[in-house]
Amino acid sequence: MVGILDFLYRELTTFRGGWHAWYLLALQDVKGRYRRSVIGPFWITLTSMFFVLGLGLVYSRLLNLDLKEYLPFLACGIIVWTFIVTLVTEGASAIIGSGHIIKQVNMPIFVHLMRVVFRNIIIFLHSYIILVPLLMWYGYLTLYGFAVSVLGIGMIVFSLTPLVALLAILCARYRDVLPMISSGMQLLFFVTPVMWHPNQVAGLESVIKYNFFVYLIDLVRKPMLNGYWPMNSAILVAVIGVALWICAFFALYLNRKNIPYWL
Amino acid sequence: MNYITAESVTVDYPILDLARRSFKKDALSWVTGGRVGQDSKNHLSIRALDCIDLEVKAGDKLGLLGHNGSGKSTLLKVMAQVYWPTSGVLKARGKVTSLLDLTLGMEMEATGYENIFLRGAILGVKPNEIKKTVSDIAEFSGLGDYLRLPIRTYSSGMLVRLGFSISTAFPADIILMDEWLGVGDAQFQEEANNRLNEMTSKASILVLASHSPELIKKACNRCVRLEHGKIIEDFLIGEQS
């Protein structure tokens with residue numbers, strides 16, 4: 001019992017006194033990616049802008065939809081979805097990726113996980129900002145909506161961080177899981193209302209209902225587009241988030257001795 | 001007081017070969033109650049340390065002697081609390097600084113200054129403490145304005161100099177080393193030696209793994225000889241000769 005509390009305390013120092021380690025490493029990761037480039041990480045902004053505009057223009061015609069309705073919906077969905085996918089897939093390889101450090105220095109495992117999480121938050125914020133002018137242009141954005149969407153981002157991070165921890169442990173042990181996750185996320189994309197509106201497709205209600213990621217997207221898309229806070233989704237995400245945190249700590253505690261040997 | 005105690009520490013490295021590592025096999029053995037995948041449970045492993053009993057007290061400068069594969073590095077990593085003993089207990093108190101990989105955590109594209117902070121973060125030092133030592137590190141490494149350049153432009157000697165200067169900039173209770181560091185040119189070598197001597201004399205425990213008995217005789221006051229993961233000799237250096 002004392003062991004698990006000590007372990008818990010040590011892992012939690014990642015968020016209290018030990019945040020600078022992952023903060024620095026994550027910042028360096030982003031800097032490293034765009035070093036010597038003139039506009040640096042704003043390439044992310046440009047890339048997602050072109051992507052959203054291109055996709056919006058083509059698909060609104062293809063699906064015979066009003067651009068004013070479809071483009072903002074698509075933009076919110078695709079930007080949040082991209083964040084979720086990269087966070088989950090990169091996070092799943094966080095322990096494998098930090099293997100050289102784990103095998104040399106004894107640090108809380110959450111340092112390595114938070115490095116990936118924080119790196120992805122930074123990258124996400126660079127594409128998130130294009131939603132502001134876009135939604136203002138179409139007249140959707142309210143100050144309240146924007147403020148609560150930030151809370152929504154916080155909740156996405158809160159609930160995905162432990163999920164990523166669980167996946168990272170699994171991926172370190174079973175090397176087949178990582179490709180499984182990437183293809184799984186690809187598959188999930190098609191059944192998640194990102195490109196299409198739930199109203200457009202009949203018969204997929206249950207797929208949407210039991211898809212956790214739909215609720216995550218809602219936490220940002222609803223405030224940004226409709227200007228209200230989806231309380232039901234928020235409660236669900238919070239509950240699942242807490243449960244995932246408990247599972248993640250437990251899984252880490254059980255596997256703490258084995259992780260270095262798997263790498 | 002700082003100490004390291006090992007009580008019958010055994011380390012087995014599992015060989016997670018393809019058959020073992022597959023999720024399918026494990027899932028099958030869960031589903032079938034362990035009947036199908038059973039043979040793969042007895043997976044191969046390599047015993048690196050075999051029932052090591054060792055007590056290192058404050059003031060000990062312990063040298064580890066042994067052939068390749070005798071378990072020196074594994075023992076160091078167990079002491080660094082990276083690898084948990086497969087069985088047995090390791091207890092340690094004191095801030096451990098491992099000088100096993102001096103450039104761990106450093107990024108080739110980042111500048112020397114940025115790397116001071118990165119390496120510091122890996123060593124578990126807070127940024128404001130690192131800030132205080134930056135000028136000291138800059139001076140000792142002798143890199144001067146080079147610190148503003150990305151470290152990929154450094155020669156390998158300069159790289160080790162930087163890594164060494166950062167890694168030895170902060171006080172430690174327990175220092176773990178794999179071979180005495182041969183860094184840089186003759187002049188830097190001497191400075192580095194002085195600094196290491198100073199640092200290890202301040203630390204209460206030094207554990208140094210090496211192939212060279214002379215080196216251990218010079219730097220340590222106690223020596224443990226390992227063979228096939230077992231301690232076959234444990235003596236104080238002053239007494240033996």
Side-chain angles (χ1 to χ4, degrees), chain A residues 3 6-7 10 13-14 16-37 96 98-109 111-112 114-115 167 169-181 253-263, chain B residues 11-18 20-27 45-46 48 73 76-87 92 96-111 114-130 150 152 176 178:
Chain A
D6 278 352
F7 175 79
R10 208 177 103 81
T13 53
T14 311
R16 220 183 62 245
W19 59 271
H20 54 268
W22 51 262
Y23 168 82
L24 268 174
L25 289 166
L27 220 56
Q28 202 59 52
D29 284 343
V30 180
K31 270 194 204 166
R33 251 182 232 191
Y34 295 98
R35 211 170 277 276
R36 284 192 287 161
S37 120
I96 300 176
S98 297
H100 60 293
I101 301 177
I102 295 175
K103 282 196 285 184
Q104 293 280 351
V105 193
N106 176 14
M107 315 170 97
I109 294 288
V111 172
H112 309 297
M114 283 309 293
R115 173 191 188 167
L167 293 176
I169 299 169
L170 206 62
C171 288
R173 178 63 186 84
Y174 303 101
R175 297 298 163 106
D176 296 313
V177 180
L178 194 58
M180 222 187 262
I181 289 170
Y253 175 72
L254 289 178
N255 291 301
R256 70 199 187 285
K257 298 183 180 178
N258 297 325
I259 289 171
Y261 289 106
W262 290 339
L263 297 168
Chain B
V11 169
D12 290 320
Y13 285 113
I15 311 294
L16 299 166
D17 61 319
L18 272 173
R20 175 63 194 155
R21 204 169 259 226
S22 118
F23 184 67
K24 191 181 86 188
K25 281 257 170 90
D26 266 15
S45 68
I46 291 179
S73 303
L76 281 178
K77 289 203 175 164
V78 171
M79 287 175 169
Q81 287 151 61
V82 171
Y83 287 117
W84 294 63
T86 325
S87 68
V96 179
T97 290
S98 133
L99 301 181
L100 304 182
D101 182 354
L102 291 176
T103 52
L104 181 73
M106 291 178 32
E107 293 282 340
M108 279 320 214
E109 285 290 333
T111 67
E114 285 172 322
N115 272 298
I116 293 179
F117 285 89
L118 280 175
R119 180 76 186 118
I122 296 283
L123 288 166
V125 189
K126 295 209 162 73
N128 46 9
E129 284 172 51
I130 303 171
R152 83 189 137 78
L176 305 175
D178 206 345

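In what follows, chains carry the letters A, B, and so on, assigned in the order in which the sequence lines appear, proteins first and then strands, with residues in each chain numbered from 1.
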To the nearest 0.5 Å, tell me how far B:Asn115 CG sits from B:Met108 CE.
9.0 Å
Interface residues of residues 26-34 of chain A facing chain B - heavy atom cut-off under 4.5 Å:
A:Gln28, A:Asp29, A:Lys31
Ignoring hydrogens and geometry, is there a side-chain-to-backbone donor-acceptor pair from A:Tyr261 to B:Trp84 under 3.5 Å?
yes
Contacting region of B:Glu109 [heavy-atom separation from chain A under 4.5 Å]
both
Does B:Asp12 reach the main-chain N or O of B:Pro14 with its side chain, forming a donor-acceptor pair under 3.5 Å?
no
May I ask you to decide if B:Ser73's main-chain N or O and B:Asp178's side chain share a donor-acceptor pair within less than 3.5 Å?
no
Would you say the side-chain atoms of A:Trp22 pair up with the backbone N or O of A:Thr14, donor to acceptor, closer than 3.5 Å?
yes
Proximal component of B:Lys77, with respect to chain A [non-hydrogen, under 4.5 Å]
side chain
Part of B:Ile122 lying under 4.5 Å from any heavy atom of chain A
both
Would you confirm whether B:Ser98, through its side chain, and B:Leu176, through its main-chain N or O, come within 3.5 Å as a donor-acceptor pair?
no
Distance-minimising heavy-atom pair for B:Ala48 and B:Tyr13:
CB-CE1, 3.5 Å
Heavy-atom distance under 4.5 Å to chain A: side chain of B:Val96, backbone, both or neither?
neither
Where does A:Arg256 contact chain B at under 4.5 Å (heavy atoms): side chain, backbone, both or neither?
both
From the list B:Ala110, B:Ala121, B:Gly124, the residue making the most non-hydrogen contacts under 4.5 Å with chain A is B:Ala110
A:Arg35: what forms a salt bridge (charged side-chain N to carboxylate O under 4.0 Å, His left out) with it, not counting sequence neighbours?
B:Glu114
Could you tell me which of A:Ile259, A:Val111, A:Leu24 has the largest number of non-hydrogen atom pairs under 4.5 Å with chain B?
A:Leu24
If you round to the nearest 0.5 Å, how far is CZ of A:Arg175 from CH2 of A:Trp262?
10.0 Å
